[in-house]
Amino acid sequence: MKQPNEDSSLKSIAILGSTGSIGTQALDIISELGSTFNVYGLSAHSNWKRLAEQANYFRPKWVILTDEQYKSSLLNALSYTPERLNFGADSLQLLASAPETDLVLNALVGFAGFTSTYEALKSGNRVALANKESLVVGGELLTELPNFKDNLIPVDSEHSAMWQCLVGETLASVEKIIITASGGPFREYSRDQMKSITVEDALNHPNWEMGKKITIDSSTMMNKGLEIIEAHWLFGIDIDLIEPVIHPQSIIHSIIEFNDGSSKAQMGPPDMKVPILYAISYPERIAYDVPRLDYRKQMNLSFEPIDRIKFPCLQFAVDAVKQGGLLPAVMNAANEVAVGRFLNREIRYIDIPKIIDETLNTFHHKEIASPQMLIEADEESRKFANGLFK
Ligand code: NDP
Ligand code: MG
């Protein structure tokens, strides 16, 4: 592996959530590419050990650990003294809006990522966004920021596919977006079989290796619901024109249908390194050695509709964004709590949609006026969702 150097002509990148699935893959790419990026800042929540290894290798000027209880462990494990070393969640926004960074990769998970996306865009920084929850909860606020259109680049594979298909096109000529879904591990389960799904079953995704939260979201199809909201805000496309479809092979990452009857799809083996690289190198393409498809071999690409009765979370997301205001944030908070509680073995798998439904039924539509209102709605909804099924 080549050691990235400190050349100031390199693209300077801050990675929020560097110890997670997206964060570590991004650092692998950066290390493999050698002299393209300079890692300016890294943040982790609790995994101080991995953060220290990453920091000791890349020597970023700024290091953040948001869970303060591991402060002394991190301090002991660092082999150098970064110029800035912060503990606690508030420092994330400072790094996200730092003028020294050319790009912020937001690879945080959940609502915790919203404020960083907001502050980064507000400061004029460019954001490569993996944290889809930012757009889910605060799409309305983010799209109002003057730099939104130029400075937000998607990392999510489906949205990267859409983005790539739209290069050179106008949004006015888009008739429909087909967003593909692998269907997850329970695509062929009966409703009866779903009653006994364990944590281990749900963490076993057929095509992708990801963090735990998104793996559970993929299995419940909430992930596709979140991604429909993400596409809606990202491209300003009517929610009813974004159609989810199951494509079990995860080769076609999404399709744009244009008004002249033509469609464009973006394809490749399921590998998050491809959309991560595209987002961090955009508008360039950088040569990179990942597995290619072999079209000489027999390959089947199949499509099927999603069973919205068996997977109600998809519809919760669509309905929440149609109602608008704070409801997507309420839905997102209830989902985060339900997924966390399922992973902690406090509730059954089939209780996840019940918790989301009950939480959504309790909160009423309210317009979003500020990020603070989102934070309060998130806190209140979490409290409510945590009190259910005790
Ligand atoms: P992981 O759970 O693997 O990583 C999350 C990262 O965020 C870790 O660095 C973690 O730190 C940090 N983190 C967790 N909680 C907090 C918090 N409360 N405050 C600050 N930092 C926190 O997630 P993924 O990498 O899988 O996903 C990241 C985002 O990317 C999600 O929004 C996901 O939906 C999206 N995404 C992921 C894909 C994937 O393939 N993984 C594909 C497409 C989108 P630590 O580990 O140190 O505790
Ligand atoms: Mg995706």
Side-chain angles (χ1 to χ4, degrees), residues 4-5 7-16 22-23 25-41 96-107 116-118 120-132 134-135 139 142-143 145-174 177 179 227 230-237 252-256 258 262-269 271-290 292:
N5 63 39
D7 183 344
S8 62
S9 66
L10 303 183
K11 198 167 183 176
S12 173
I13 185 166
I15 303 182
L16 312 181
I22 295 286
Q25 291 182 82
L27 285 174
D28 285 348
I29 296 171
I30 289 168
S31 162
E32 282 157 25
L33 291 177
S35 54
T36 310
F37 296 94
N38 167 46
V39 179
Y40 174 73
S97 53
E100 296 87 348
T101 62
D102 298 315
L103 181 73
V104 177
L105 171 60
N106 187 343
S116 300
T117 305
Y118 186 80
L121 289 177
K122 213 168 101 184
S123 73
N125 272 346
R126 178 168 271 197
V127 179
L129 187 71
N131 180 257
K132 64 188 84 186
S134 287
L135 278 169
L142 293 173
T143 49
L145 294 172
N147 301 313
F148 177 81
K149 274 209 166 70
D150 296 329
N151 282 354
L152 195 75
I153 302 145
V155 169
D156 216 343
S157 57
E158 295 79 359
H159 304 74
S160 177
M162 297 168 199
W163 186 276
Q164 294 182 54
C165 291
L166 285 168
V167 170
E169 307 287 354
T170 57
L171 283 171
S173 61
V174 174
I177 294 182
I179 182 166
E227 290 183 350
E230 187 183 4
H232 163 68
W233 290 116
L234 198 55
F235 302 110
I237 298 253
I252 292 188
H253 302 304
S254 277
I255 303 165
I256 306 274
F258 295 95
S262 180
S263 295
K264 279 190 188 174
Q266 188 263 347
M267 309 168 65
D271 185 340
M272 276 312 293
K273 283 191 173 172
V274 176
I276 294 171
L277 174 61
Y278 189 73
I280 63 175
S281 55
Y282 180 84
E284 318 281 331
R285 281 196 191 270
I286 297 180
Y288 191 55
D289 188 16
V290 276
R292 267 58 167 168

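Remember, it's a predicted structure, so these values are computed and weren't measured experimentally.
Not a single donor-acceptor pair under 3.5 Å links the side chain of H253 to the backbone N or O of E158. With hydrogens and angles ignored, the 3.5 Å screen pairs a side-chain donor or acceptor of S12 with a backbone N or O of E100. Side-chain atoms of R292 come within 3.5 Å of backbone atoms of V290 as a donor-acceptor pair (strictly under, hydrogens ignored).
Nearest heavy atom pair, residue S134 against residue L142, reads O-CD1, 3.5 Å. Considering every non-hydrogen atom in both N151 and G124, the closest pair reads ND2-O, 3.2 Å. In terms of heavy-atom proximity, A265 sits nearest to C165 at C-SG, 3.7 Å.
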Report the C-alpha separation of L129 and L234 in whole Å, then their side-chain angles, then the decisive distance to 0.1 Å, and conclude whether the side chain to side chain contact (heavy atoms under 4.5 Å, CB included) test is met. CA-CA 11 Å; L129 187 71; L234 198 55; over 6 Å; no
Show your working on side chain to side chain contact (heavy atoms under 4.5 Å, CB included) between H159 and K132 and close with a plain yes or no. CA-CA 10 Å; H159 304 74; K132 64 188 84 186; 6.0 Å; no
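Between K11 and E284 there is no salt bridge, since none of the side-chain N atoms of the basic residue sits less than 4.0 Å from a carboxylate O of the acidic one.
The line from CD1 of I280 to CD1 of I286 is 7.0 Å long, rounded to the nearest 0.5 Å. Separating the NZ atom in K273 from the CG atom in D289 is a distance of 10.0 Å, to the nearest 0.5 Å. We find the CG-CZ distance between L166 and F258 to be 5.5 Å, quoted to the nearest 0.5 Å. Remark: I276 CD1 to I30 CD1 distance equals 9.5 Å, nearest 0.5 Å.
Side-chain atoms of R126 and I153, non-hydrogen and from C-beta on, do get closer than 4.5 Å to each other. You'll find the side chain of Y40 stays beyond 4.5 Å of the side chain of I13, heavy atoms only.
Around atom NZ of K122, no more than 12 heavy atoms belonging to other residues, nucleotides or ligands sit under 6.0 Å away.
When each of D156, L152, T117 is tested with L135 by the rule side-chain contact (heavy atoms from CB on, under 4.5 Å), just one qualifies, namely L152.
In summary, the aromatic rings of Y278 and W163 are positioned with their centroids too far apart to meet the 6.0 Å limit.
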